[in-house]
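Here is the structure we will look at, set down as structure tokens.
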Amino acid sequence: MRPFFSIMLAALGCFQVLAHNGYDLDKPFGYCTLSHCTDATKTFDIKGGGCYSYPIPEDFDGKVVVLQSIGRDMRNEIEDAVKNNQVIVFDGSKGDFFISSSIFLQKVSDITLLGINNARLCTEWYLTAELKETLDAAGVPAMSTSRGGGILPNKMRVREEAEYNTRRIIMEMTGDNKEEYRHAGIMTLNDCRNIIIRNISFVGPGSIDVGGNDLLSFVNGTRNCWVDHCSFEDGMDGNFDITSRSDFITISWCTFCYTNRSYMHQNTNLVGYSDNETRGFLSITYAFNWWGEGCKARMPMARAAKVHVLNNYYTCTKAINCINPRKNSEFLIEGNYIEKGIKNFYSQIDAISVAWRNDNFIAESRSLPSSFGEPIEVPYSYSVAPCSEVPEVVRKNAGTTLKY
């Protein structure tokens, strides 16, 4: 019998924002709370910078900084704030936070990034209508994404026809021979630990096939992180990717989408960089997330990972593939709701095992996936919401809905 926990709202004080519903525990759960992928006794006390709600408790003695927009690039200010504080509060009351290129955090531990007043972290560079029209006129959408290519004016060799021509055209239009625009993302966490990110909107330049940055990336052993109640929109390469031995991650109550700013490569959540990804890492929980407008693939796609896909909601009618177990992966898939209009909701290639529970709802199901491989369980307690309740509860509560 599967483990269950008691669903309750935590009483965290009269000013604390309580959970919106009985399924939102308003605290870390899932793989982010563990330090071993099969042993439930080996837990991890994930606290981030010491608190993850607002207002900050009066008795909190850690370093806190509240940032507000200054109307221009704030990359350096944000990087300094993270290096010198435990809790970084992004206050959106004076507008969006603009970032010229991805902030690279190396070996940072024990911090909380928290958004209030509709905080949005936005890339400074973005795709324009003129650029997209030029790419259309050159026939880029019909070009190969797996072969062809050539050598760019900056001597870089590109092995895919669509990417080569996209990058060549952007260089010709902008004069950016160093291709600085490809760094248009928000944040990369490299070998970081005990990080909590809540209630922040990440807004990108629009997806485009140039091998650029993601909005948010966890790489090189980043572990024990909780990303909760965030929204991700229009990442250049991906919205939120997790690779390279990163481990013990929970993504909960987040939304993922692409708008008409995006052009190609609406591949939202990659886990595991390649078929050569090292096994034994990438233990990830996706719970109560919403993959919506414009998402076409990777919801998630994973290699060499152990992934729990729990009570997520899919309305991405343009999808060519949603849930995608790949090389050496293990997936437990239960209680998800896939809306009408989504026909390509699942495929797998060379996964080790998949447990497809019969409580998933597929509005336009023809044939359902089959479970195979060794039985899959996760070593933490949880409860599965009836899939019939998923659309309403996720629509109402996912994304930056914590009213601080």
Identify the two heavy atoms, one from [X] and one from [Y], that lie closest to each other, and give their separation to 0.1 Å.
X: Tyr52; Y: Lys47; result: CD2-O, 4.4 Å
X: Pro386; Y: Tyr23; result: CD-OH, 3.5 Å
X: Cys37; Y: Lys306; result: O-NZ, 3.8 Å
X: Thr285; Y: Tyr31; result: OG1-N, 3.0 Å
X: Leu282; Y: Asp247; result: N-OD1, 3.3 Å

Do Arg75 and Glu79 meet the salt-bridge criterion of a basic N to acidic O distance under 4.0 Å?
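A salt bridge links Glu79 with Arg75.
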Would you call Glu377 and Arg357 a salt bridge, using N to O less than 4.0 angstrom?
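Salt bridge between Glu377 and Arg357, a charged N being under 4.0 Å from a carboxylate O: yes.
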When you compare the side chains of [X] and [Y], does any donor N or O come within less than 3.5 Å of an acceptor on the partner?
X: Asp110; Y: Asn194; result: yes
X: Thr166; Y: Tyr263; result: no
X: Asp234; Y: Ser262; result: yes
X: Ser231; Y: Ser201; result: yes
X: Asp228; Y: Ser252; result: yes
X: Tyr313; Y: Glu339; result: yes

Show your working on side-chain contact (heavy atoms from CB on, under 4.5 Å) between Asp96 and Val203 and close with a plain yes or no.
CA-CA 10 Å; Asp96 295 337; Val203 182; over 6 Å; no
Whether the side chain of [X] engages the backbone of [Y] through a donor-acceptor N/O pair (distance < 3.5 Å, no angle test) should be reported.
X: Asp24; Y: Asp26; value: yes
X: Thr188; Y: Ser217; value: no
X: Arg303; Y: Gly272; value: yes
X: Asn324; Y: Ser347; value: yes
X: Glu277; Y: Arg245; value: yes
X: Arg182; Y: Gly211; value: yes
X: Asp359; Y: Glu334; value: no
X: Asn311; Y: Gly335; value: yes
X: Ser207; Y: Met264; value: yes
X: Asn224; Y: Cys32; value: yes

Counting only heavy atoms not in [X] (residues, nucleotides, ligands), do more than 12 fall under 6.0 Å from its [atom1]?
X: Gln106; atom1: CD; answer: yes
X: Lys132; atom1: NZ; answer: yes
X: Tyr126; atom1: OH; answer: no
X: Asn118; atom1: CG; answer: no
X: Arg157; atom1: CZ; answer: yes
X: Tyr273; atom1: OH; answer: no

With ring pair (Phe, Tyr, Trp, His ring centres under 6.0 Å) as the criterion, how do Phe97 and Phe90 come out once you've worked through the C-alpha distance, each side chain's angles and the decisive distance to 0.1 Å?
CA-CA 8 Å; Phe97 297 83; Phe90 294 92; 5.3 Å; yes
For a side-chain contact (heavy atoms from CB on, under 4.5 Å) check, start with the C-alpha distance between Thr33 and Ile46, then their side-chain angles and the critical distance, and finish with the verdict.
CA-CA 6 Å; Thr33 64; Ile46 179 168; 4.2 Å; yes
Pairs in or reaching into residues 186-219: which pass ring pair (Phe, Tyr, Trp, His ring centres under 6.0 Å), with residues at least two apart or in two chains?
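For residues 186-219, and leaving out neighbouring residues, the ring pair (Phe, Tyr, Trp, His ring centres under 6.0 Å) pairs sorted by first residue read Phe202-Phe232, Phe218-Phe240.
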Check against side-chain contact (heavy atoms from CB on, under 4.5 Å), Val140 and Ile169:
CA-CA 10 Å; Val140 169; Ile169 289 168; 4.3 Å; yes
Checking side chain to side chain contact (heavy atoms under 4.5 Å, CB included) between Lys107 and each of Asn190, Asn220, Asp191, which is the one that passes?
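Option passing the side chain to side chain contact (heavy atoms under 4.5 Å, CB included) with Lys107: Asp191.
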In the structure I gave you, are the side-chain heavy atoms of [X] and [Y] within less than 4.5 Å of one another anywhere?
X: Ile352; Y: Arg279; answer: yes
X: Asp237; Y: Asn213; answer: no
X: Met187; Y: Leu113; answer: yes

Taking it one step at a time, do Leu189 and Val108 satisfy side-chain contact (heavy atoms from CB on, under 4.5 Å)?
CA-CA 8 Å; Leu189 274 61; Val108 172; over 6 Å; no
Once the angle between the rings of Trp253 and His229 is folded into 0 to 90°, is it parallel (under 30°), tilted (30 to 60°) or perpendicular (over 60°)?
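Parallel, since the angle between the ring planes stays under 30°.
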Once rounded to the nearest 0.5 Å, what's the spacing between atom CD1 of Ile116 and atom OG of Ser53?
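It is 11.5 Å, given to the nearest 0.5 Å.
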Pairwise side chain to side chain donor-acceptor pair (under 3.5 Å) hits with a residue in residues 291-300, at least two apart
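Sorted result for residues 291-300: Asn269-Trp291.
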